[in-house]
Number of protein chains: 2
Amino acid sequence: MDNAQKSLATDAPRPYHHGDLWHALVQAGLAILREEGVHGLTLRAVARRAGVSHSAPYRHFADKDALLAAIGEDGFNRLSQGMRAVIESYDGDLVALLHGVAHAYIRFVAENTDHVRVMFSGLLSCFDEYPNLAEAAGRSFQDVVEIMQLCQREGLIAAGDPRQQGFMAWSMVHGLANILIEEGFPVAEKTGLDIQQMTDACVDTLIRGLQSPHNGTQVAANSQHVIS
Amino acid sequence: MDNAQKSLATDAPRPYHHGDLWHALVQAGLAILREEGVHGLTLRAVARRAGVSHSAPYRHFADKDALLAAIGEDGFNRLSQGMRAVIESYDGDLVALLHGVAHAYIRFVAENTDHVRVMFSGLLSCFDEYPNLAEAAGRSFQDVVEIMQLCQREGLIAAGDPRQQGFMAWSMVHGLANILIEEGFPVAEKTGLDIQQMTDACVDTLIRGLQSPHNGTQVAANSQHVIS
DNA sequence: TCCCACATGTTGACAATGACAACATTCTCG
DNA sequence: CGAGAATGTTGTCATTGTCAACATGTGGGA
């Protein structure tokens with residue numbers, strides 16, 4: 001029954017009854033995510049932690065999914081923030097920039113595993129229903145696209161639609177990160193590489209792969225890969 | 001109360017009381033996953049569908065996670081099966097083989113979204129606790145590693161640890177697949193590429209990226225990417 | 001062949017959860 | 001200042017995961 005934890009984050013001035021519960025609930029959710037993982041992230045637990053009754057969250061979130069969407073949005077914002085910090089420290093070494101951004105992504109996933117599980121993993125059913133969430137995710141992607149454009153200008157990678165290149169880059173790093181967070185997944189342990197090295201290897205592979213344009217059958221394929 | 005659906009899959013002969021409930025429960029779980037998604041996958045629903053009482057599953061699975069592990073294991077087996085079907089139809093066109101395997105992976109994820117969410121996405125807490133699950137996942141990975149070895153022999157990609165190369169290949173395709181299944185995720189829609197083309201582009205990029213060895217600073221990096 | 005131990009399945013219970021309705025309080029604005 | 005909206009609370013409900021106590025059918029040893 002101790003309502004002691006609510007300070008951090010938005011230093012909003014609590015205009016009336018509880019203050020702005022909206023932020024308090026999101027913060028409580030983040031704290032629970034950090035301390036107990038996604039399993040402990042329950043609406044009632046969030047309410048308890050925020051010091052309100054179990055039904056109060058419904059005045060601010062239509063249902064649990066809506067809270068998850070807000071938390072996911074926060075996650076994308078933090079992700080963008082981490083990547084942008086690297087971008088802003090760009091000193092002319094483009095390869096280092098790419099490695100740095102990839103490491104930022106991987107580190108974010110590693111240090112916020114449960115947060116990431118909320119952002120992806122379909123806990124929140126659909127991005128479409130939460131415009132703010134979609135926007136935040138879109139901004140994260142935009143960061144990557146801009147890096148691709150920079151790489152093209154600098155001649156590090158071939159010309160082409162930077163969104164496609166960004167999509168591929170995101171896919172690779174996202175896939176790596178998501179495999180790494182599966183505890184005991186029988187891939188990571190067997191490669192003999194640690195996370196840092198694996199990340200570097202992926203980035204290098206990606207850069208080389210993007211150094212030629214991908215105009216359809218570039219590699220040489222008499223593609224008969226029958227699908228659907 | 002209708003206990004009408006239980007036939008499909010294992011045509012086991014129901015030796016004694018109910019038959020072998022273990023398989024019936026897994027099959028019921030798969031059916032629910034297919035029809036109602038991961039949200040409807042509840043222990044009691046599985047029991048209902050199998051025509052037994054709500055507590056019967058506990059004679060075969062320690063808890064819900066154990067059922068999820070069995071379902072996940074089935075998923076990895078099906079994934080392997082899909083990829084192996086492509087491998088076995090190898091006709092000498094290695095590039096086509098790679099494209100085919102990637103498409104098999106992507107298609108599996110697209111057609112079994114909720115099954116994949118059980119396999120990954122941390123619903124089952126940890127691979128370590130379920131050796132069978134880990135083994136099935138390991139076999140899937142092994143398929144990819146063997147393809148990498150084949151690619152090395154044929155000279156399509158550079159020499160190197162095939163497990164690392166396989167890890168990268170898995171990461172890329174896995175990342176692509178997992179982004180694609182996020183409905184409304186503001187990346188896929190904007191690239192103007194459909195799934196097939198995007199998959200092909202990823203494979204081509206990957207092949208090119210793997211055509212040179214990745215001995216540390218291959219691309220040229222004065223790596224100052226500070227991490228932890 | 002008979003009987004008992006054990007595997008399997010059932011019933012009942014419990015706390016926790018998401019969600020809703022009815023009610024209480026506090027703010028805002030006309 | 002006072003009505004209505006915004007916000008928060010209490011109470012309730014069905015559902016769920018899990019456990020304990022009980023029932024039932026199976027198979028092995030006398």
Minimum-distance nucleotide (side-chain atoms of A/R48 versus C/dT17, D/dT16, D/dG11): C/dT17

Whole angstrom value for the distance that separates P of D/dG8 from CH2 of A/W22: 14 Å

Protein-nucleotide distance (A/D65, atom CG; C/dT17, atom P), rounded to Å: 17 Å

Distance, rounded to the nearest Å, where A/H39 contributes NE2 and C/dG18 contributes P: 11 Å

Side-chain donor/acceptor of A/H54 to base of D/dG11, under 3.5 Å: yes

Non-neighbouring partners of B/R59 that pass side-chain hydrogen bond (donor to acceptor under 3.5 Å, both in side chains), sequence neighbours left out: none

Salt bridge (Lys or Arg N to Asp or Glu O under 4.0 Å) involving B/R44 - partner list, sequence neighbours excluded: none

Phosphate OP1/OP2 of D/dG8 contacted by A/H60 side-chain N/O (<4.0 Å): yes

Gap between atoms CG and C1', on A/D20 and C/dT26 respectively (whole Å): 16 Å

Salt bridge (Lys or Arg N to Asp or Glu O under 4.0 Å): pairs with one or both residues in residues 168-181 of chain A, sequence neighbours excluded: none

Those residues that, when tested against A/H174, pass side-chain hydrogen bond (donor to acceptor under 3.5 Å, both in side chains) (two or more places apart): A/Y105, A/N178

Residue A/K64, side-chain atoms from C-beta onward, closest of D/dG11, C/dG18, D/dT18: C/dG18

Residues which pass salt bridge (Lys or Arg N to Asp or Glu O under 4.0 Å) with A/E146, listed by chain and number, not counting sequence neighbours: none

Protein-nucleotide distance (B/Y58, atom OH; D/dG17, atom P), rounded to Å: 7 Å

A/D204 versus A/H99, side-chain donor and acceptor atoms under 3.5 Å: yes

Any donor-acceptor pair under 3.5 Å from B/T113 side chain to B/I181 backbone: no

Side chain of A/R44 (C-beta onward), nearest among C/dC20, C/dT11, C/dT17: C/dT17

Given DNA chain D, 5'-ward residue of the pair B/A45 and A/V52, judged by closest heavy atom: A/V52

Spacing between A/D63 atom CG and D/dT15 atom P, to the nearest angstrom: 18 Å

Spacing of B/L43 atom CG relative to D/dC19 atom P, expressed in whole Å: 11 Å

Sugar-phosphate, base or nothing in reach of A/S55, heavy atoms under 4.0 Å: base

Residue B/S53, side-chain heavy atoms: nucleotide from C/dT10, D/dG8, D/dG11 that is nearest: C/dT10

Pairs under 3.5 angstrom, nitrogen or oxygen only, protein versus nucleotides 21-23 of chain D, please.
unit_1: D/dA21; atom_1: N6; unit_2: B/R59; atom_2: NH2; d: 3.1

For atom CZ of A/F61 and atom C1' of D/dT7, their distance in whole Å: 14 Å

